[in-house]
Enquirer: 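This is the structure I want to talk about, given as structure tokens.
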Number of protein chains: 2
Amino acid sequence: MQRARTQKAKDDRRAAVVAAALDEFYEKGFAAARMEDIAGRAGLSKGGLYLYFDSKEALFEAVIESFAMPTVARFEALAETAGGVSALIDALTKLAPAIIREGRIPKIVKVLIGDAPAFPAVATAYRRNVIDRVLAVIIHILRKAKETGEIDIADPALAARLMAAPMLLSAVWRIVFDHDDEARIDLDALFAQHSVMLKRAFKMEAAA
Amino acid sequence: MQRARTQKAKDDRRAAVVAAALDEFYEKGFAAARMEDIAGRAGLSKGGLYLYFDSKEALFEAVIESFAMPTVARFEALAETAGGVSALIDALTKLAPAIIREGRIPKIVKVLIGDAPAFPAVATAYRRNVIDRVLAVIIHILRKAKETGEIDIADPALAARLMAAPMLLSAVWRIVFDHDDEARIDLDALFAQHSVMLKRAFKMEAAA
DNA sequence: TTTATCTAACTGACTGGTCAGTTATATATT
DNA sequence: AATATATAACTGACCAGTCAGTTAGATAAA
């Protein structure tokens, strides 16, 4: 094994271990995943892995955290360019299929649902650092639009969750039926229809 | 332990084991759940459990299957009384909060998401026997309404999934954040708003 | 440049503990 | 007594985490 001597090389190796761990946790679940397999996937021996992480649980926490920050940053950037509700809906429903297909988010979602209940602190941290912040961005945009009369909704906080629900559905569908050719969903068509239905539900002028 | 001698007593014990297994699989996941704990919860020794199920995997399959049939039957009955789209939306959005709170469906959902990927055949069977049949009922009602002009939607099959998405969201939310008092959602308000938004999205006359 | 020395990254055999599944034994019921 | 049901001690496989030993590769002396 090539040794990681510089700080950068060590950071890279840590990242490789985290990526390998996400794949193993995704495929087998936390309890059934083997530290030796994770190490092997990252091109390292089991003992070497323990130079980077103190325990399986510490590795699990690192997996969840490592994907939190980039997700929020990407989303907050997106929301700044798309200031209005119409642009937000378009951006969300156009990007969603690619994000689902790319696979990293569905994997994190699966690991969170399957294993986070055994680590309540991890789940709560994820909600606070990721979910609440993403929802806050959406809610802020909806609330502004409600005040200007651009849209007509009762509760922006609930509307934000209803907007996001099909993304969770798609992610979960992919997780559970990835192997199942009979169960393919046309994500582009699904989100196109979601977009149309949302605009009608919000009573936006440009709606079909 | 009182012995189960009659067929009915055996069926009851089997059911008790299945219920205990659902709880353990839900709380710990398949791999981390212990057969001894499942047996204990059902008021039986570990050896006794093996009189009713050949293996942990067989028990897992029984758990998934045992909750499939009743769910479909209940839903198909509901759909027969609620023939139109409006009645269907009302029934679905009024019943959903109670179903989520009751907890059995969220537990099954969690077990399916967390562990079914390790048992692809179980996942596929569940899709065919439960999900596809429930969706078919909804799609049938939507298609009829579309033909009579009662509603205006592009694709009933996609609309059915979009209708169901908030139920999955609520179930998953409950699974992941059950312990988390900061994260309570007002399910009644959520589904009331879903109902209003759906009727607008379908361009139904009586919509708000 | 070559060789010797050092050090920290890395390896893999090992340990202690856990748990699915088995079986010898006990007990309730007929 | 005979049979079905249940128990708990047992076995063997498996795996997280450890640690004595190995080696890549840097540094320095010749």
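Fair warning: this is a prediction, and the values are worked out from it, not measured in the lab. Every chain is numbered from 1, with letters handed out A, B, ... down the list of sequences.
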Enquirer: Does B:A189 have any side-chain contact (heavy atoms from CB on, under 4.5 Å) partners at least two apart in sequence or in another chain, and if so, which?
Expert: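 Residues passing side-chain contact (heavy atoms from CB on, under 4.5 Å) with B:A189: A:L158, B:D186.
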Enquirer: Could you tell me the separation between the CZ atom of A:R34 and the P atom of D:dA13, rounded to a whole number of Å?
Expert: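 Value for this atom pair: 15 Å.
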Enquirer: Tell me, please, which residues at least two apart from B:E61 pass salt bridge (charged side-chain N to carboxylate O under 4.0 Å, His left out).
Expert: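 B:E61 satisfies salt bridge (charged side-chain N to carboxylate O under 4.0 Å, His left out) with no residue once adjacent residues are dropped.
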Enquirer: Hey, does B:A39 reach any base, or is it just sugar-phosphate, or nothing, if we go heavy atoms under 4.0 Å?
Expert: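 Nothing, no nucleic acid heavy atom in range.
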Enquirer: With B:R104, which residues qualify under side chain to side chain donor-acceptor pair (under 3.5 Å), at least two apart?
Expert: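 Side chain to side chain donor-acceptor pair (under 3.5 Å) check on B:R104 returns B:E102.
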Enquirer: Check side chain to side chain donor-acceptor pair (under 3.5 Å) between B:E27 and all other residues, then give those that pass, not counting sequence neighbours.
Expert: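 So B:E27 forms a side chain to side chain donor-acceptor pair (under 3.5 Å) with B:R41.
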Enquirer: For B:R127, enumerate each residue passing the salt bridge (charged side-chain N to carboxylate O under 4.0 Å, His left out) test, keeping only those at least two apart in sequence or located in another chain.
Expert: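 Expected list: A:D180, A:E182, B:D132.
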Enquirer: Restricting to side-chain contact (heavy atoms from CB on, under 4.5 Å), what partner residues turn up for B:P97, sequence neighbours left out?
Expert: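 So B:P97 forms a side-chain contact (heavy atoms from CB on, under 4.5 Å) with B:R101, B:L187, B:D188, B:F191.
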Enquirer: Without decimals, in angstroms, what is the distance between B:M35 CE and D:dA9 P?
Expert: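 Whole-Å distance recorded here is 19 Å.
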Enquirer: What residues in residues 48-60 of chain B put a non-hydrogen atom under 4.0 Å from any atom of DNA chain C?
Expert: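 Heavy-atom contacts with DNA chain C come from B:Y50, B:S55, B:K56.
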Enquirer: Give B:K46 one of three labels, base, sugar-phosphate or nothing, depending on what nucleic acid heavy atoms sit under 4.0 Å from its own.
Expert: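 B:K46: base contact, heavy atoms under 4.0 Å.
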Enquirer: Any carboxylate oxygen within less than 4.0 angstrom of a Lys/Arg side-chain nitrogen, looking at A:K28 and A:D115?
Expert: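 Salt bridge: no.
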Enquirer: How would you list all residue pairs meeting ring pair (Phe, Tyr, Trp, His ring centres under 6.0 Å) that involve residues 87-128 of chain B, not counting sequence neighbours?
Expert: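 Matches after skipping sequence neighbours: B:F30-B:F119, B:F60-B:F119.
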Enquirer: By nearest nucleotide on DNA chain D, pick out whichever of B:S45 and A:R5 is the more 5' one.
Expert: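 Nearer the 5' end of the strand: B:S45.
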Enquirer: Identify, with sequence neighbours excluded, every residue that meets side chain to side chain donor-acceptor pair (under 3.5 Å) alongside A:K107.
Expert: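 Counting only residues at least two positions away or on another chain, A:K107 forms a side chain to side chain donor-acceptor pair (under 3.5 Å) with A:D23.
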Enquirer: Roughly, in whole Å, what's the span from CG in B:L44 to P in D:dT5?
Expert: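 Atom CG in B:L44 sits about 12 Å away from atom P in D:dT5.
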Enquirer: Please enumerate all protein N or O atoms sitting under 3.5 Å from an N or O of nucleotides 21-23 of chain D, with distances to 0.1 Å.
Expert:
from, atom 1, to, atom 2, distance (Å)
D:dT23, O2, A:R3, NH1, 3.1
D:dT23, O2, A:R3, NH2, 3.2

Enquirer: Identify, residue by residue, the members of residues 20-28 of chain B with a heavy atom below 4.0 Å from DNA chain D, and return them in order of residue number, or none.
Expert: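 Close to the strand, none.
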Enquirer: With sequence neighbours excluded, tell me which residues meet side-chain contact (heavy atoms from CB on, under 4.5 Å) with A:A192.
Expert: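 Not a single residue meets the side-chain contact (heavy atoms from CB on, under 4.5 Å) criterion with A:A192.
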Enquirer: Is it true that B:D155 and B:K146 make a salt bridge, defined as a side-chain N closer than 4.0 Å to a carboxylate O?
Expert: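 Looking at B:K146 together with B:D155, the answer is no, because their closest N to O distance does not fall below 4.0 Å.
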Enquirer: Measure CZ/A:R14 against C1'/C:dA9 and give the value in whole Å, please.
Expert: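 Spelled out: CZ on A:R14 to C1' on C:dA9 is 16 Å.
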Enquirer: For a quick check of understanding: with a heavy-atom distance under 4.0 Å over all strands, which category does A:A33 fall into, base, sugar-phosphate or nothing?
Expert: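 Answer is sugar-phosphate: A:A33 comes under 4.0 Å of backbone atoms only.
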